[in-house]
**Student:** 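Next up is a structure, given as structure tokens.
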Amino acid sequence: MPSISYLLARLLQIIPTFLLVMVFIFLLVRMLPGDPAIAMAEAKATDAQVEQIRHNLGLDRPLPVQFVIFVKNTVTGDLGRSIMLKAPVTEVILDRLPTTIFLALYSVVLAVFLAGPLAFLAAVRVNSATDVVIRSVFQIGLSMPVFYIGLVLLTVLAAQLRWFPVGGYGTGFLDNLHHLILPALSVALYTSAIILRNLRASLIEVLDADYVQFARSKGLSTRIIMTRHVLRNALVSTVTLLGLSIGNLMSGTLVTETVFAIPGVGRLMLEAIFARDYPLIQGLTLTFAVLVSVVFLLTDIVQSLLDPRLRKA
Amino acid sequence: MKRLLPFLLGAALGLSAATSALAIERGGAMSFARYDDSAVIDPVWADRNPDLWMITSLYETLLRNGADGSIEPGLAESYEVSGDGKSISLKLRDGLKFSDGSAITGDDVVFSLDRARNPDGPWAGLLGSVEKVTAEGGKITLSLKQPDPTIPSILATFNTGIVSKVAFEKAAGANDQEKAKAYFDNNPVTSGPFTMKSRVAGSSMSFARNPNYWRQGKDGKSLPYLDEVDFVVIPDDATRILKLQAGEVDVAEFIPFARVGELRGDANLKMELFPSTRIIYAPINTRDTRKDGSKNPLADIKVRQALNYATDKNMLIKLVTFDTGKPMTSLMSAATQLHYGPEPLYPYNPEKAKQLLAEAGIDGGLDITFTTLAGSADDATLFTALQQMWAPLGVNLKVEQVDNPTRGAKNRSGEFDIHTYGWANDVNDPAQVTGWLGYYKQRQAVGTGWNNAEFNTLFEASNSEVDQAKRKDEYKRMQEIYAENAPLLFLYETPFAVAVSKSIEDYVQTPLGANDFSAAWRAK
């Protein structure tokens with residue numbers, strides 16, 4: 001088990017990350033071309049109305065003052081009110097977040113179940129026909145943009161064959177699983193391609209390592225060799241990759257949730273950007289930062305479980 | 001069974017004869033795929049189209065827009081403008097009820113109109129001339145600061161929808177805006193054809209029939225015919241169409257023009273192109289000098305006219321709208337009240353364009369920057385087509401791609417030559433679009449800097465002109481002046497493209513964009 005001090009140190013490292021993220025978000029929104037007040041006021045507004053919006057947003061105050069207010073509000077959980085949805089940002093995000101997390105976990109589980117066994121098969125039979133077929137199929141998955149995979153799946157499996165609903169989220173756990181299978185699959189196809197490539201390579205490397213050869217010569221059973229020696233060592237880099245791809249997956253939800261009409265934070269981000277809903281954009285960016293940090297933290301913990309040498313780092 | 005068959009057959013025939021006589025069938029639900037979700041459907045605070053275009057389904061106005069755009073009675077059975085134009089009185093119908101069964105009274109009307117005048121609300125300006133609203137029983141009086149011929153139209157506009165005073169005041173919230181949100185979120189009491197049944201933010205929404213709605217259908221019973229309208233939010237165009245083709249929804253709105261032709265060929269669908277007040281145009285900077293201090297050739301009316309003549313609108317309509325658009329015939333769309341435009345403006349005539357440029361003394365070529373929206377395929381097509389159309393005139397058209405807020409900022413500061421823009425009316429009165437496009441004091445005539453004394457005077461006069469015939473003449477003259485002066489590149493009008501299942505009848509999207517389900521019905 002990783003020690004308490006390791007966990008604590010890892011948690012403390014997150015604080016400067018968040019501070020940097022906050023500075024970044026704050027400046028980014030204000031550095032965008034065009035005046036946010038003009039963007040929000042729509043063309044029809046008079047100059048006086050634009051000025052009013054600027055005042056309401058506090059944009060007429062000095063930058064450092066705006067930053068202090070921003071940090072103070074954020075720390076107290078007050079992310080402001082969404083201009084587009086006319087509701088508190090925190091409330092809106094908490095309402096949509098579970099959907100996105102559900103979709104992300106669903107995709108990861110599907111990806112692992114797809115890639116894991118196939119990577120094994122490919123690694124054990126390196127350069128055989130099976131290996132070549134598995135690699136080629138997944139190479140295609142890797143080369144196609146997620147939204148395109150999504151549209152193909154929707155057109156064939158939902159609109160033509162009518163096996164699955166065209167988009168939406170559904171109500172209740174089983175209905176959610178049913179509704180989200182195509183979006184989860186289209187994301188999983190991409191993620192599993194990455195995992196497969198990496199896992200296959202590490203498995204081949206580990207299978208060839210001296211200690212595995214030694215274990216074999218000791219007469220250990222294949223099952224024990226695989227679980228205790230091969231998998232554990234091959235998984236270290238795959239877990240890192242999985243962690244990283246969850247980060248990517250979060251940004252991928254922008255597209256997936258739009259194509260599949262899923263009411264999650266990804267689509268919300270896209271809508272907020274189009275509506276120039278600055279409080280919401282800030283809140284969502286922060287949420288994504290928190291989520292990715294948590295995933296990275298979990299990745300580190302899992303890695304340190306797999307490889308005790310990392311606990312000292 | 002054999003003996004039953006003739007009976008069933010007879011019954012079925014009898015039934016179909018009965019329905020064809022009535023033509024309309026009651027009941028059932030209609031499902032509707034939307035491009036975006038509603039956040040707050042409130043007459044006063046709504047400011048996005050997905051909210052605005054649903055308001056009249058929930059909140060009835062005192063007056064209504066008729067199918068031909070004329071003003072018809074609504075909750076008020078009649079209205080009268082006083083001789084001096086400074087007061088309007090309306091009479092509420094007897095026995096009106098909200099969805100919860102409580103009576104719609106003069107108090108509710110005063111409350112709703114006072115809310116609509118809240119200066120913080122985005123639409124308060126529409127009632128700017130109103131000094132006071134009072135009610136005596138069912139008689140409502142609006143006292144005006146000055147005569148305002150637009151008021152009847154405004155009383156038929158979403159922002160004056162009637163809400164229940166008692167129910168609204170019970171809603172939680174520190175101010176009117178927060179109350180509006182809370183009211184909407186908790187199945188509000190409504191006066192329109194529908195009530196809110198349920199809603200999942202970002203995903204779906206259901207309207208149920210308001211049993212107390214006042215208007216009657218063709219069968220002599222109260223509207224609406226449908227029991228329910230169920231909405232699903234599907235932002236992606238391709239997915240929305242797939243959902244319709246898979247039979248999971250009955251209607252899909254905002255069909256991209258590129259796919260209209262394909263859906264016309266679908267035997268299960270009707271491809272509707274509802275006339276709209278939407279126009280696509282390009283403001284031209286008419287100031288004598290550009291922002292950088294250089295002389296602005298576009299300040300010359302002849303150069304602006306030349307560019308208009310050198311623009312083949314029909315070609316642009318084909319390229320961008322896949323032949324669904326129409327050329328502009330006036331500054332406002334043909335579906336706007338008091339529109340005057342007997343024929344398309346500046347029909348394609350490259351010879352005349354050349355001649356006008358020569359008269360303007362332009363012989364050494366002309367450098368013009370065309371500002372477009374980055375990422376917009378339509379704008380990119382427009383630019384490349386214009387570049388080719390204008391090149392023979394010696395116009396060197398350069399492109400500058402910006403994002404939407406930057407385009408807005410440039411429009412406000414006058415830092416552009418020509419840029420793309422679009423507009424749709426919110427109100428069934430020409431004053432809104434005319435003020436926006438032509439009146440200098442409002443927004444420098446859509447940022448063009450065009451300042452025409454005669455036009456400005458006519459616009460001011462028309463805003464307090466009580467004589468309808470005179471007002472019509474003023475509008476005719478304004479549209480003539482505007483067309484001749486060409487502060488815009490006049491492009492085209494576009495319709496609302498909605499694909500509807502053949503089993504749904506009489507769904508309408510109005511020229512202002514509002515979704516009207518009140519007389520829609522489902523054939524079983």
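The sequence lines fix the lettering, A, B, ..., with proteins before strands; numbering per chain opens at 1.
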**Student:** Looking only at non-hydrogen atoms, find the nearest pair between A/Met22 and A/Phe67 and report the distance.
**Tutor:**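 Closest pair (atom of A/Met22, atom of A/Phe67, distance): O-CE1, 4.1 Å.
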**Student:** Any side-chain heavy-atom pair from B/His419 and B/Pro283 closer than 4.5 angstrom?
**Tutor:** yes
**Student:** With a 4.5 angstrom heavy-atom cut-off, which part of A/Gln160 approaches chain B: side chain, backbone, both or neither?
**Tutor:** neither
**Student:** Could you tell me if the ring centre of B/Phe158 sits under 6.0 Å from that of B/Trp123?
**Tutor:**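 Yes, ring centres under 6.0 Å apart.
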**Student:** Chain A heavy atoms under 4.5 Å from B/Glu248: which part of the residue, side chain, backbone, both or neither?
**Tutor:** side chain
**Student:** When you check the side-chain N and O atoms of B/Asn411 and B/Arg443, is any donor under 3.5 Å from an acceptor?
**Tutor:** yes
**Student:** Under a 4.0 Å threshold between the charged nitrogen and the carboxylate oxygen, would B/Arg115 count as salt-bridged to B/Asp42?
**Tutor:**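 Answer for the salt bridge query: yes.
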**Student:** Mind ranking A/Pro165, A/Ser82, A/Gly150 by heavy-atom pairs under 4.5 Å with chain B and telling me who comes out on top?
**Tutor:** A/Pro165
**Student:** Looking at every heavy atom in both B/Asn456 and B/Tyr440, which two are closest together, and how far apart are they?
**Tutor:**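 Scanning both residues, the minimum pair turns out to be OD1-N, 3.4 Å.
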**Student:** Which members of residues 256-267 of chain A, sorted by number, sit under 4.5 angstrom from chain B on a heavy-atom basis?
**Tutor:** A/Thr258, A/Val259, A/Ala261, A/Pro263, A/Arg267
**Student:** Do you know which two heavy atoms are closest between A/Pro183 and A/Leu103, and how far apart they sit?
**Tutor:** CB-CD1, 4.0 Å
**Student:** Name the region of B/Lys243, side chain, backbone, both or neither, that has any atom closer than 4.5 Å to a heavy atom of chain A.
**Tutor:**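 Interface part for B/Lys243: both.
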**Student:** Between B/Asp230 and B/Lys197, is the closest basic N to carboxylate O distance under 4.0 Å?
**Tutor:**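 No.
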**Student:** Evaluate the side-chain proximity of B/Val44 to B/Asn159: yes if any heavy-atom separation is below 4.5 Å, no if none is.
**Tutor:**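 Heavy-atom side-chain distance check fails, nothing below 4.5 Å.
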**Student:** Within residues 84-93 of chain A, which positions have a heavy-atom distance to chain B below 4.5 Å?
**Tutor:** A/Met84, A/Leu85, A/Lys86, A/Ala87
**Student:** Can you tell me which residue among B/Leu52, B/Thr277, B/Asp426 is in a side chain to side chain contact (heavy atoms under 4.5 Å, CB included) with B/Leu512?
**Tutor:** B/Thr277
**Student:** With a 4.5 angstrom heavy-atom cut-off, is it the side chain or the backbone of B/Val232 that approaches chain A, or both, or neither?
**Tutor:**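 Neither part.
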**Student:** Do we see a donor-acceptor contact under 3.5 Å between the side chains of B/Asp379 and B/Thr420?
**Tutor:** yes
**Student:** Please rank B/Gly247, B/Ala238, B/Ser203, B/Ala180 by heavy-atom pairs under 4.5 Å with chain A and give me the top one.
**Tutor:**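 Option with the top pair count is B/Ser203.
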**Student:** Hey, are B/Glu400 and B/Thr371 close enough side-chain-wise for a donor-acceptor pair under 3.5 Å?
**Tutor:**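 A pair is found: one side chain offers a donor N or O, the other an acceptor, under 3.5 Å apart.
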